[in-house]
Amino acid sequence: MNELLELLEEIQVKLSTLLRLDVEVDSFEPIAALDVSYKGERACACAVLMEGEELLERRTYLSDAPFPYVPGLLAFREAPLMLRALRLLEGRPKLILVDGHGIAHPRGFGLASAIGLLTGIPTVGVGKSILVGRVEGSGPLKRLVVGGKQVGFSVEKGRRFYVSPGSNISLSSVERLVKWLGLSYPRALKEADRWSRECLK
DNA sequence: GCGACAG
DNA sequence: ATCTTGTCGC
Ligand SMILES: [Mg+2]
């Protein structure tokens with residue numbers, strides 16, 4: 001089984017070379033958000049679509065968790081479910097927020113990167129804690145650095161969270177997005193979290 | 001070898 | 001992520 005995990009890690013290393021991190025994105029809406037909740041082996045992925053403060057759509061997809069949780073390999077557990085929920089959306093998001101990191105990952109290929117590569121849509125990873133890297137700088141918007149290179153931001157406004165590009169979007173665009181969000185945790189992700197949990201009750 | 005380790 | 005009740009504070 002360790003061989004399988006090593007194989008999956010090698011796949012991440014190769015796929016990371018296919019990421020597009022030079023795309024300037026200036027239009028973020030309609031914006032989608034993805035999250036997954038669990039109840040034993042049962043899993044529920046939720047995709048929401050928002051425009052301003054209006055929740056345009058809310059779709060959920062239920063199934064059994066296809067893969068266990070292994071730090072660094074979260075994409076193999078949640079991406080398949082998130083993609084199914086995403087496909088249920090009728091509207092087309094200009095950007096997707098994912099509950100989990102983007103390139104702020106040991107091999108530069110987190111959950112948000114997988115979603116971005118598989119959809120071609122700009123994706124941004126939003127984590128509530130650090131998987132890899134350290135925070136540098138000061139102020140409410142700090143730099144998240146890995147191996148001397150900035151891979152994202154540490155955002156502070158009440159609760160602290162970490163943001164990094166998934167794919168199809170540049171680091172500078174992510175910075176503009178964070179400022180556009182007013183440095184606060186995205187309402188869309190709160191909705192996705194709430195409803196993914198709700199559908200398991 | 002030991003500790004860290006998204007959700 | 002989930003397990004879980006009350007409790008401190010705005
Ligand atoms: Mg979540």
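Residue numbers start from 1 in every chain, and the chains themselves are labelled A, B, ... in the order their sequence lines are given, proteins ahead of strands. Keep in mind the model is a prediction, meaning the values are calculated, not measured.
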Is there aromatic stacking of A:Y69 against B:dG7, centre distance under 5.5 Å, plane angle under 30°?
-> yes
Dot-bracket, DNA chain C: Watson-Crick or G-U, under 3.5 angstrom, [ ] crossing, | other strand?
-> ..........
If you look at every strand shown and take non-hydrogen atoms under 4.0 Å, does A:G110 touch a base, only sugar-phosphate, or nothing?
-> base
Exactly one of A:L171, A:L183, A:V135 clears side chain to side chain contact (heavy atoms under 4.5 Å, CB included) with A:F153, and that residue is A:L171
Shortest non-hydrogen contact from A:S113 toward A:G166 | OG-O, 3.0 Å
For A:I130, report the nucleic acid contact type (base, sugar-phosphate, nothing); a contact means any heavy atom under 4.0 Å.
-> sugar-phosphate
Rounded distance in Å - CG (A:L111) to P (B:dA6) | 13 Å
Would you check, one step at a time, whether the test side chain to side chain donor-acceptor pair (under 3.5 Å) holds for A:R197 with A:Y38?
-> CA-CA 7 Å; A:R197 200 193 318 284; A:Y38 302 88; over 6 Å; no
Between CG of A:L97 and C1' of B:dA6 the distance, given in whole Å, is 16 Å
Nucleotide B:dG7, atom C1' - distance to CG of A:L200 in whole Å | 14 Å
Identify all pairs in which a protein N or O lies below 3.5 Å from an N or O of nucleotides 4-10 of chain C, and state each distance.
none

So, are A:E53 and A:R187 salt-bridged, with charged N and O less than 4.0 Å apart?
-> yes
Check whether any side-chain N or O of A:S129 sits under 4.0 Å from OP1 or OP2 of B:dC5, and answer yes or no.
-> no
Just by modelled atom types, is the A:A47 backbone N or O under 3.5 Å from a matching donor or acceptor in the A:R59 side chain?
-> no
Side-chain N or O of A:K128 closer than 4.0 Å to phosphate OP1/OP2 of B:dA6 | no
Collect all protein-nucleotide pairs involving nucleotides 2-4 of chain B in which both atoms are nitrogen or oxygen and the distance is under 3.5 Å.
none

Starting at CZ of A:F109 and ending at P of B:dA6, how long is that distance when rounded to a whole Å?
-> 18 Å
Classify the nucleic acid contact of A:G125 as base, sugar-phosphate or nothing, counting any heavy atom under 4.0 Å across all strands shown.
-> nothing
Protein-nucleotide distance (A:H101, atom NE2; B:dG7, atom C1'), rounded to Å = 10 Å
Evaluate the salt bridge (charged side-chain N to carboxylate O under 4.0 Å, His left out) criterion for residues A:D35 and A:R194: first the C-alpha distance (whole Å), next the side-chain angles of each, then the deciding distance (0.1 Å), finally the verdict.
-> CA-CA 9 Å; A:D35 193 13; A:R194 173 188 174 183; over 6 Å; no
With respect to the phosphate group of C:dT2, does any side-chain polar atom (N or O) of A:R197 fall under 4.0 Å of OP1 or OP2?
-> yes
Applying the 4.5 Å side-chain criterion to the ILVMFWY set and letting contacts propagate, would A:V70 and A:V132 be lumped into a single cluster?
-> yes
Report whether A:I31 and A:L83 are members of the same hydrophobic cluster (ILVMFWY, side-chain heavy atoms less than 4.5 Å apart, transitive linking).
-> no
Specify whether A:F67 and A:F76 have parallel, tilted or perpendicular ring planes, treating 30° as the upper limit for parallel and 60° as the lower limit for perpendicular.
-> tilted
Is A:K39 touching bases, backbone alone, or none of the nucleic acid, heavy atoms closer than 4.0 Å?
-> nothing
Touch check for A:L34, heavy atoms < 4.0 angstrom, all strands: base, sugar-phosphate only, or nothing?
-> nothing
So, A:C44 with A:C199, SGs under 2.5 angstrom?
-> yes
Could you tell me whether the side chain of A:R92 and the main chain of A:L89 form a donor-acceptor pair under 3.5 Å?
-> yes
Is a side-chain donor or acceptor of A:S167 paired with a backbone partner of A:L117 at a separation under 3.5 angstrom?
-> no
A:L131 CG to C:dA1 C1', straight-line distance once rounded to whole Å | 15 Å
How close or far is atom C1' of B:dG7 from atom CD1 of A:I115, stated in whole angstroms?
-> 13 Å
Nucleotide C:dA1, atom C1' - distance to CE of A:M82 in whole Å = 12 Å
